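In this chain, numbering begins with 1 at the start of the sequence shown. Model, not experiment: these values are computed from the prediction.
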Amino acid sequence: QVQLAESGGGLVQPGGSLTLSCAASGRIFSIDAMGWYRQVPGKQRELVATLASVGETRFADSVKGRFTISREHAKNTVYLQMNSLKPEDTAVYYCKADVRRFEWMRYSNVYWGQGTQVTVSS
């Protein structure tokens with residue numbers, strides 16, 4: 001199996017910064033893409049940022065210019081640097097990875113982390 005371990009969430013004041021980390025472990029041949037989503041109670045999970053193995057990135061319009069995403073391939077780890085945080089960024093942040101566990105697999109499987117709480121409040 002594949003496990004995703006998230007860290008870095010917490011409480012921060014508006015205008016502050018946080019860095020989330022997500023490390024994938026287990027039986028992994030390759031990771032096609034890694035990314036971050038977030039969810040608040042009563043709403044659907046939404047994309048925050050994704051980073052494909054070829055370097056293509058996607059960001060939600062609400063975080064463009066404030067958040068950056070990076071990846072350490074050797075460690076199967078993805079980071080989300082969040083700057084200029086706003087109260088509306090408060091959510092549970094989930095890591096997602098598209099993983100091929102074996103070389104013979106033509107398509108990747110999707111794995112999710114357990115989530116980490118980010119609260120932006122004064």
For residues 7-24, tabulate all N or O donor-acceptor pairs below 3.5 Å that involve a side-chain atom, not counting sequence neighbours.
{"residue": "Ser17", "atom": "OG", "partner": "Asn83", "partner atom": "OD1", "Å": "2.9"}
{"residue": "Thr19", "atom": "OG1", "partner": "Gln81", "partner atom": "OE1", "Å": "2.4"}

Residues two or more places apart in sequence or in another chain: which of them pass side-chain contact (heavy atoms from CB on, under 4.5 Å) with Arg58?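 side-chain contact (heavy atoms from CB on, under 4.5 Å) check on Arg58 returns Leu47, Thr50.
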I'd like to check the side-chain contact (heavy atoms from CB on, under 4.5 Å) partners of Asp32; sequence neighbours left out, ordered by chain and number.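 For Asp32, the residues satisfying side-chain contact (heavy atoms from CB on, under 4.5 Å) (neighbours in sequence not counted) are Ser30, Asp98, Arg100, Ser108.
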Search all heavy atoms of [X] against all heavy atoms of [Y] and return the closest pair with its distance.
| X | Y | value |
| --- | --- | --- |
| Leu4 | Tyr111 | CD1-O, 3.3 Å |
| Met34 | Ile69 | O-CD1, 4.0 Å |
| Ile28 | Val2 | CG1-CG2, 4.1 Å |
| Leu80 | Ala49 | CD1-CB, 4.1 Å |

Within a reach of under 6.0 Å around CD of Glu88, are more than 12 heavy atoms found that belong to other residues, nucleotides or ligands?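 Counting other residues, nucleotides and ligands, CD of Glu88 exceeds 12 neighbours.
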Which residue pairs pass the ring pair (Phe, Tyr, Trp, His ring centres under 6.0 Å) test with at least one member in residues 5-54, sequence neighbours excluded?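 Counting only pairs at least two positions apart or across chains, the ring pair (Phe, Tyr, Trp, His ring centres under 6.0 Å) contacts touching residues 5-54 are Tyr37-Trp112.
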From [X] [atom1] over to [Y] [atom2], what is the distance, rounded to the nearest 0.5 angstrom?
| X | Y | atom1 | atom2 | answer |
| --- | --- | --- | --- | --- |
| Gln1 | Asn109 | CD | CG | 9.0 Å |
| Gln117 | Thr90 | CD | OG1 | 7.0 Å |
| Glu6 | Tyr93 | CD | OH | 12.5 Å |

Min side-chain heavy-atom separation Arg71-Ile31 under 4.5 Å: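 Counting from C-beta outward, Arg71 and Ile31 do come under 4.5 Å.
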If you define the side chain from C-beta out and look only at heavy atoms, does anything of Arg66 sit under 4.5 Å from Phe59?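 Of all side-chain heavy-atom pairs linking Phe59 with Arg66, none is under 4.5 Å.
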For Arg45 and Gln39, indicate whether the former's side chain and the latter's backbone hold a donor-acceptor pair under 3.5 Å.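 Looks like no, no N/O pair under 3.5 Å.
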For Arg38, what residues pass the salt bridge (Lys or Arg N to Asp or Glu O under 4.0 Å) criterion, not counting sequence neighbours?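 Checked Arg38 against salt bridge (Lys or Arg N to Asp or Glu O under 4.0 Å); matches are Glu46, Asp89.
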Using the salt bridge (Lys or Arg N to Asp or Glu O under 4.0 Å) criterion, which residues pair with Lys64? Sequence neighbours excluded.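 Checked Lys64 against salt bridge (Lys or Arg N to Asp or Glu O under 4.0 Å); matches are Asp61.
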Connected via hydrophobic side-chain network under 4.5 Å: Leu85 and Tyr94: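 Result: no, two separate clusters.
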